[in-house]
Amino acid sequence: MAWLPSKLTSALLLIIGVLFHVTYICSIFDIYFTSPLVHGMGQHRVEAPAPAKRLVLFVADGLRADKLYQFHPDPETNELTTKAPFLRNIIEKEGSWGVSHTRVPTESRPGHVAIIAGFYEDVSAVTKGWQMNPVNFDSVFNQSEHTWSFGSPDILPMFAHGASDPDRIDTIMYPAEYEDFGAGRRTSTDTKQSGDASALDTWVFDHFTEMLEKSKTDPALHKKLHSDKIIFFLHLLGLDTNGHSHLPTSEFYLNNIRIVDDGIKKVTEQLSAFYNNDGKTSYIFTADHGMGNRGAHGDGHPDNTRTPIVAWGAGIQGPNKVNPQGHDEFSADWRLNEYSRNDVKQADIAPLMASLIGTHYPVNSVGELPLPYLDTPDSFRAASTFTNTLQILEQYHVKQELKRRTEIYFRPFPGLTGEHSPEAVKAQVQALIDAGKYEEAEAECAIVRNLCLEGLRYLQTYDWLFLRSVISAGYLGWIAFSLNFILRTFVGGQDSRLGPLGAPRTRRPIANAASAQEKQAVNILSAIVFAIFAIILTIKQSPALYYAYVAFPIFFWSRVVLDRRELISAIAKTTQNYGWVKTIGSVLGYIVALEILVYSYFNRGILSVCFMFLALWPVFLPAAVQRNNTLLMASWSLSCLGTSIFTLLPVEIGEDKMLILAGGLILTICGFVSTVIVPGITADPQQPNAAVTARNVMMFQTGLIALSTVIVNDTVRSLAAHEGLPFLNQTLSWIILFTTGSIPFVYGARSNQHYLLRMVIIFLSFAPIFILLSISYESIFYFCLSATLLSWLMLERKIYSASEMQPLSDTLYSEKRGLTGAPSSSSAGSSSSSAAKGSATDYPIRGLTPKDARPAIFFLFFINVAFFGTGNVASLASFSLQSVFRLTTVFSPFFMGALLIVKILIPFFLVSSVFRVLGRSLDLPPFSLFLLGLATTDVMTLNFFYLVRDDGSWLEIGTSISHFCISSLMVLFTILLFALSDLLVGRVLVPALGEGQRKKRS
């Protein structure tokens, strides 16, 4: 570690922290979401004649199972009717049906990959784009003789790209601009369909009809259409788009189901006529994912993971009314209890399609052939099951050999050894099939197939123990390393006058520092340990990131060992000054508070309970604080109670125009009041024009708030009337967003403003953006949270003033100083004595004490509230996509996601800015409180790391993964936002304590 500076600074610690957390966030993907794909497997298919010559796959993007199967009130008669009469008739008379269970992330790309390729793509692939493949994979389309696909440009290209024969897959797509959530779309006849995305599905059905018509005059196409092993893929995006635009409970969504049902009926009749009713066409209808009540998807909520599957035609089993099975409470109101419900995993659809048309099974598929859907001879069923088993067994064999070659000591999966070895299994099942014992062969295949899947799981998680141990050591090492720095630098007090970044102003010998020989020994030992791990990782052919995973804990713990004497000295000094009881009590209280925040991820209501207790905080304050701060304490209590309401409200809310208007009105009134009061109480007598400028800027900001409110309400009206997003409103919204967002960076960022004026400027700057992106009570939450934060800042300053027994001045700049530690520019023209007072160079900066744990934990608490005040902690999907429709309605997942993240981060800006000012108000080095929060928040991350689940319901799995990712990202967000807050409030002026003698600090 000789390459590191001899003395660690806060800036270097932050750089290390950023690198560490960026690297370790990737660990969740290496542990839980490594790509399951391997290559080099042989292909397998059933040699017997297939029951079908062709297959039609309908995928209704974003269709929930319950919405298809339920009965819904008729708008005219109010009688309960089905929205899909044709599919319901299929269920009752011709085919099989059930629920297809998807996996997280419930997005279009992973869902289609599972359906068509038969494997569950790792979540990281979603971040690499919807249209191109991050890794090559096999699919049923690739194995077909020819595939015609119709639909969205976001889905179709990914199955054509990388196909073994590019001419084998035809893609007929509409333009991307048709995917507009707000405006109308054009069908093939260029008729405008105002606000209804079902036109996208009509386009697909129309172009399918055009293809059949074209074949009458195109001999080459006619010949292809009469080949065996062909597939028609109809991707129907209308339901997904209508669900995002109007919610899945809307008439638009439900009527779209009827349009899809009518289109499927038309396609079925057309193909029957086209092929002269030869009975060789199989049909499968399903969905890639569902949709939550807020019009979003992506997480593991059952509304997103439960999709319909209906199959009929050649080779498909008819309805089973003799012994109906599979029903539960979910299907109780579907009126289908007399027909067997056959649920499948989404990946099971791929082997079913391959079996029906007789293609090779996709080599990467892990789907299990759903036998209840097959209506074929027993010999074909047994052969199909055996082929499915061989294909999965082939994956296990290849994956095992790859793992065996990279392990020093390989432990094979015990379930597939001995009598269940691959060779023994093949011989045993083949013998049963040859003897005509088909049911026994199917049963044996089911056992072996499950063992294969367990074996694949075993190999997929082979390195989990090693990785989890390393990652745990890394997080614990970071906590120890950063706390060690904080205690030595901000508690140990090597110099009572610390520099701006916590480095001592003078370089004095440190009595407890490690000797040169000790440093050399520790560094050599660290190098040896890393070399041993590097050799192991090289043999294992591990990715480059694994070396970083190992390097961080070795570095952290070696530094802790080297600085142990200084650490012990700092702890001893703290306990000597404040006593063991007070010190240990502060530490335990801090840990308990962190665990409460962990629990709040599972129950948002705990945040409201915390607010209610915090509202009583003024009752326990010292009498000196209570005496003259009644109004401030009342403001704190009321704002806490007001903010507590929002974490009790349901996250699944619809658009509410009245609440949007109320929020805009409250913020507008707040802007006017602030314009009248704040410039006056923060005025600098030496700069009389500054107050006038501040008042003009604040009046302009208030005008933007009012204009934003008017624009949003008119946009909501227009979208509700299905008139689309008005161009004028969209243009003004973008102008407001860029204008108001730039104000805090243009005005006052490089000059010394009073902290209160600066905080109000920032508050008013982000208010119009929050209004533009609101769909309900978010603007009211923004006001309540801002009031709470400002009250917290003022109250902490009063408490510190009382503890130091000195008054504060919030109106005069008599002892002003900037956060950077430099004298303010405005004092340049004052007298020499005044300049001496205003200089921060001679102003003492104190070290951290146990009582500073309170503002640090408050900061983490407000970070949680800022992020989760209007959404569900489990997923960003709970933040409605409707909020971005004021700015754009054309489908663009990353662009819309970026706007959504801007909305979510705005409260972060306020929290980090207030916390930045608070640290300086308490005479602490700028990074000290922030570093304390940063160092300890990984206690929460470690909790979530061990709470990650890979079993149970998809909701539990998805929620546990989301919690870890959110907690980890929160650290990075905090680092970046603290840097931004330094830009926003780094030069503000914080009136200091009086000039009288302070209490002595040890």
Side-chain angles (χ1 to χ4, degrees), residues 56-68 83-84 87 99-117 121 126 129-131 141 149-159 171-176 178-181 185 196-205 207-208 232-248 250 252-261 263-264 267 284-292 294-299 301 303-310 346 349 877 881 889-893 896:
V56 185
L57 173 64
F58 304 96
V59 176
D61 202 307
L63 176 59
R64 281 166 48 170
D66 56 342
K67 296 303 178 183
L68 175 71
K83 294 294 182 180
L87 288 175
V99 175
S100 172
H101 297 274
T102 73
R103 283 194 183 183
V104 289
T106 46
E107 299 289 350
S108 292
R109 178 196 167 84
H112 281 87
V113 169
I115 293 169
I116 299 167
E121 195 171 35
V126 177
W130 268 256
Q131 298 182 9
F141 294 174
S149 54
F150 303 80
S152 169
D154 298 315
I155 297 299
L156 270 54
M158 70 179 176
F159 294 102
T171 55
I172 299 93
M173 303 175 290
Y174 41 74
Y178 281 17
E179 300 175 19
D180 189 336
F181 290 150
R185 299 139 187 101
D196 187 0
S198 63
L200 296 175
D201 300 337
T202 303
W203 188 99
V204 170
F205 293 127
H207 279 71
F208 179 83
F232 303 105
F233 171 43
L234 280 67
H235 175 241
L236 308 169
L237 186 64
L239 282 158
D240 184 74
T241 309
N242 269 328
H244 287 309
S245 301
H246 309 291
L247 305 183
S250 66
F252 281 90
Y253 188 89
L254 299 178
N255 289 335
N256 202 154
I257 296 176
R258 181 176 289 278
I259 290 172
V260 167
D261 185 73
I264 293 173
V267 168
I284 295 178
F285 173 79
T286 187
D288 55 347
H289 57 76
M291 183 167 291
R294 294 194 69 176
H297 53 82
D299 62 9
H301 192 280
D303 286 344
N304 297 330
T305 61
R306 294 187 295 211
T307 61
I309 177 172
V310 182
Q346 194 172 49
I349 299 174
L881 203 60
T889 55
V890 177
F891 179 67
S892 177
M896 289 180 162

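The shortest heavy-atom contact between Y253 and R64 is OH-N, 3.2 Å. The two residues G292 and D303 have their closest heavy-atom pair at CA-CB, 4.1 Å. Residues G62 and M291 share a closest heavy-atom pair of O-CB, 3.9 Å. I349 and S100 make their closest contact through CD1-OG, 4.0 Å (heavy atoms, listed as atom of the first residue, atom of the second, distance). Considering every non-hydrogen atom in both F159 and V113, the closest pair reads CZ-N, 4.0 Å. Taking every heavy atom of both residues into account, T307 and H289 meet most closely at CG2-C, 3.4 Å.
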I'd like to know whether R306 forms a side-chain contact (heavy atoms from CB on, under 4.5 Å) with H101, so could you lay out the CA-CA distance, the side-chain angles of the two residues, the decisive distance to 0.1 Å, and finally the verdict.
CA-CA 5 Å; R306 294 187 295 211; H101 297 274; 4.0 Å; yes
Under the side-chain contact (heavy atoms from CB on, under 4.5 Å) criterion, do L254 and S250 qualify, and how do the steps go?
CA-CA 6 Å; L254 299 178; S250 66; over 6 Å; no
Test side-chain contact (heavy atoms from CB on, under 4.5 Å) applied to L234 and V59, step by step
CA-CA 6 Å; L234 280 67; V59 176; over 6 Å; no
F150 and F233: CA distance, side-chain angles, deciding distance, ring-ring contact (aromatic ring centres under 6.0 Å, His included) verdict:
CA-CA 6 Å; F150 303 80; F233 171 43; 9.1 Å; no
What's the verdict on side-chain contact (heavy atoms from CB on, under 4.5 Å) for F208 and V267, showing C-alpha distance, side-chain angles and the deciding distance?
CA-CA 8 Å; F208 179 83; V267 168; 3.7 Å; yes
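Listed for the S149 side chain is no donor-acceptor partner under 3.5 Å among the backbone atoms of L156. Under a 3.5 Å cut-off, the side chain of T171 and the backbone N or O of P157 do not form any donor-acceptor pair.
Of the N and O atoms on the side chains of D61 and S108, at least one donor lies less than 3.5 Å from an acceptor on the other residue.
Separating the CG atom in L237 from the NE2 atom in H244 is a distance of 8.0 Å, to the nearest 0.5 Å. Here the straight-line distance linking atom CZ of R109 with atom CE of M158 works out to 5.5 Å at 0.5 Å rounding. Rounding to the nearest 0.5 Å places CG of L87 at 10.0 Å from CD1 of I257. Atom CG of L57 sits about 10.0 Å away from atom CZ of F285, to the nearest 0.5 Å. Taking OG of S198 as the start and CH2 of W203 as the end, the distance is 15.0 Å to the nearest 0.5 Å. Expressed to the nearest 0.5 Å, how far CG of L236 lies from CD1 of I259 amounts to 11.0 Å.
Among D288, T102, D240, the one residue that satisfies the side chain to side chain contact (heavy atoms under 4.5 Å, CB included) test with H297 is D240.
Using a 4.5 Å heavy-atom cutoff, the side chains of L63 and L68 are in contact. Looking only at side-chain heavy atoms (C-beta outward), Y174 and H207 stay at 4.5 Å or farther from each other.
For D261, there are no salt bridge (Lys or Arg N to Asp or Glu O under 4.0 Å) partners at least two apart in sequence or on another chain.
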